[in-house]
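Here the structure comes first, spelled out in C-alpha cells, and everything after it is commentary.
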Number of protein chains: 2
Amino acid sequence: MKQQNTKQKILDASLDFFSKHGYSGASIRQIAREVGVRESAIYNHYKSKEEIFNSILDEFKTRTITTKILSDDLLDDLVNPEKFLKHFAARLIDHWNSPDERKFIRLLLMEQFTKIGSRELSVTEHLTELRSICKMIFGEMAKHGVIKEIDPELLAEEFTAQLFFIRTELLSSDNPEKIKFVHEKVSRHVEFFWNGIKA
Amino acid sequence: MKQQNTKQKILDASLDFFSKHGYSGASIRQIAREVGVRESAIYNHYKSKEEIFNSILDEFKTRTITTKILSDDLLDDLVNPEKFLKHFAARLIDHWNSPDERKFIRLLLMEQFTKIGSRELSVTEHLTELRSICKMIFGEMAKHGVIKEIDPELLAEEFTAQLFFIRTELLSSDNPEKIKFVHEKVSRHVEFFWNGIKA
DNA sequence: AGCCCTAATGAACACTCGTTCACAATATAA
DNA sequence: TTATATTGTGAACGAGTGTTCATTAGGGCT
C-alpha cells in the first residue's frame with residue numbers, strides 16, 4: 001500500500017495526541033485511527049509506543065534554531081541593538097508559535113518529570129542553543145561597549161527566561177489574537193531589559 | 001476503623017502519584033496500596049478519581065503565600081531595598097522547595113494542557129497572588145523614589161518570571177546540593193534586577 | 001446490652017491498554 | 001508475469017483501568 005507516508009503520519013499524530021493527553025493518556029488505537037489504519041499496522045513501523053516517543057524526541061533534538069533566527073537581514077540591525085533585540089525576540093516567538101513547536105513544548109513541560117521523559121527531556125537542555133546564541137550576542141555588545149559590563153551568561157539567562165515564560169502563555173489557547181498580545185508583552189520586556197543594560 | 005486519617009492519606013498519596021506519573025498515569029490501585037487499603041475503600045471517601053484530583057486543586061487554590069513570605073521581620077528590611085528583595089526571593093524559593101509545593105507545581109506543569117487540568121490549572125493564575133504582592137512592593141518603592149519610574153506591573157512580571165523559571169530547575173532532582181545552587185542563582189538575579197531599576 | 005454508621009473488604013463489571021500473530025493485500029523488482 | 005518484501009487486517013492475548021456492590025468489621029451512641 002502506501003509507504004514512507006504512514007511512518008511520518010504516525011509521528012505527526014503521536015506528537016499531536018501526546019501533547020494533548022500526555023504519553024500515558026494517548027493510546028495507540030487513537031493514533032492509529034487518526035492515521036487511518038488499524039493499530040496492528042503501527043507495529044510495522046515502530047516496535048513499541050516508547051519507540052514512537054523516542055523518535056519524536058530524536059527529531060526535535062536535532063532541530064536547530066540558529067539558522068532560522070539569526071538570518072543576515074537581522075544581523076544588519078546590530079547597529080541599533082535595541083531594535084535588533086526586538087526583532088530577534090519577535091522572530092523567536094514566531095518560531096515558537098508554529099504548531100509543531102507548540103506541541104513539542106507542551107510535551108516537554110508535561111513529560112519532563114515522568115519516568116518516560118525524565119531521561120531525555122529537560123527545559124534547561126532545550127534552551128541550551130538559544131542561551132549560547134544570546135550569550136554570544138551580549139558578549140559582542142559588551143565588547144563594543146554598547147552595554148554595561150555584565151556577565152554575558154547572566155544576561156542570556158535573564159533575557160531568555162522571561163521569553164520562555166511568555167511563551168508558555170502562548171500555549172494555553174489557539175486564539176489568534178493571543179499572538180499579538182504576546183508580541184506586545186515581548187516588546188515591553190525587551191525595552192525594560194535594554195534600559196537596564198545599555199551603557 | 002480509623003477515620004479522617006484515611007481521607008487525608010488518600011489526598012497525600014494521590015498528589016504524590018499524580019505528580020510523578022500524571023493524572024492518567026496514576027492509578028487508583030497504586031494510590032490505595034500506598035494508603036494501605038483496597039481500592040474499593042477509596043470510594044467511601046471520594047466518589048471518583050476526578051474528585052480526588054479536584055480536591056487537590058481546591059486545597060492548593062485556597063493556600064496563601066502572603067503571610068508566609070511577608071512576615072514583619074522581613075518588612076523591616078525595606079530600608080535596604082536590595083537586601084529586602086534578596087530575602088524576599090530567598091524565602092519564596094524556600095517555600096517553593098517544600099515537598100508539597102514541589103509536587104503541586106509538577107502537577108500544574110504536567111496537567112495544565114490536558115482535558116482534566118485545563119479547566120482550572122494555569123501557571124499565570126497560580127502566580128497571581130505573588131505578582132500582586134510584588135506589584136505592591138515595587139509601587140511602594142517607586143513612591144519613595146528608590147527606584148526608577150517604571151510600571152510596577154511590568155516590574156512584577158519581570159521579577160517573578162525569572163524566579164519561576166529558576167524554580168522549575170529545582171524540580172528535576174531531589175539533590176539537596178541543588179537548593180544552594182538555586183539560591184546563588186536567585187541572588188545574582190536580584191542583583192542584576194536591582195541594578196537595572198534602582199534610582 | 002443493642003443499634004447505627006462509617007469504613008474496609010473481595011469479587012466482579014465492562015472497558016481499554018500495548019502488543020502479537022497468522023494471514024491477506026499491495027507495491028516493487030526480476 | 002511471477003517472486004518477494006512491505007504494509008495492511010482482524011482477532012486475540014493478558015493485564016490493567018475506574019467503578020460498583022453485597023457483605024462484614026468495628027467504634028461511638030443511647
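Computed over heavy atoms, backbone and side chain alike; hydrogens, waters and symmetry mates excluded.
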So if I take every side-chain heavy atom of B/Tyr43 and compare against D/dG8, D/dG18, C/dA11, which nucleotide ends up nearest? D/dG18

As a test of reading the structure: which of D/dA12, C/dC21, C/dT9 is closest to the side chain of A/Ser40, going by heavy atoms? C/dC21

Is any side-chain N of the basic residue among A/Lys180 and A/Glu184 closer than 4.0 Å to the acidic one's carboxylate O? no

Whether B/Arg167 and B/Glu101 form a salt bridge (side-chain N of Lys/Arg under 4.0 Å from carboxylate O of Asp/Glu) is what I want to check. yes

B/Glu129 vs B/Thr64, test: side chain to side chain donor-acceptor pair (under 3.5 Å). Steps then yes/no. CA-CA 8 Å; B/Glu129 189 194 0; B/Thr64 298; 4.5 Å; no

Does [X] place a side-chain N or O at less than 4.0 Å from the phosphate oxygens OP1/OP2 of [N]?
| X | N | result |
| --- | --- | --- |
| B/Thr6 | C/dA8 | yes |
| B/Arg38 | C/dG10 | yes |
| A/His45 | D/dT6 | no |

Nearest-angstrom distance from the residue atom [atom1] of [X] to [atom2] of [N]:
| X | N | atom1 | atom2 | result |
| --- | --- | --- | --- | --- |
| A/Phe17 | C/dC17 | CZ | P | 11 Å |
| A/Glu51 | C/dT19 | CD | P | 10 Å |
| A/Lys47 | C/dC21 | NZ | C1' | 18 Å |
| A/Asn44 | C/dT20 | CG | C1' | 11 Å |
| B/Glu50 | D/dT19 | CD | C1' | 14 Å |
| B/Tyr46 | C/dA8 | OH | P | 12 Å |
| A/Ile52 | C/dG18 | CD1 | C1' | 11 Å |
| A/Phe53 | C/dT19 | CZ | P | 14 Å |

Is the B/Phe165 to A/Phe165 ring centre distance short of 6.0 Å? no

Short question: side chain of A/Glu51, backbone of A/Lys47 - any donor-acceptor pair under 3.5 Å? yes

Whichever of A/Lys49 and B/Ile42 has its nearest DNA chain C nucleotide further upstream toward 5': B/Ile42

Can you sort out which residues in residues 21-34 of chain A have a heavy atom within less than 4.0 Å of DNA chain C? Ascending by number, please. A/Ala26, A/Ser27, A/Ile28, A/Arg29

To the nearest 0.5 Å, what is the distance between CD1 (A/Ile105) and CG (A/Asp100)? 13.0 Å

When A/Gln8 is tested against each of A/Asn5, A/Asp12, A/Thr6 for side-chain hydrogen bond (donor to acceptor under 3.5 Å, both in side chains), which residue passes? A/Asp12

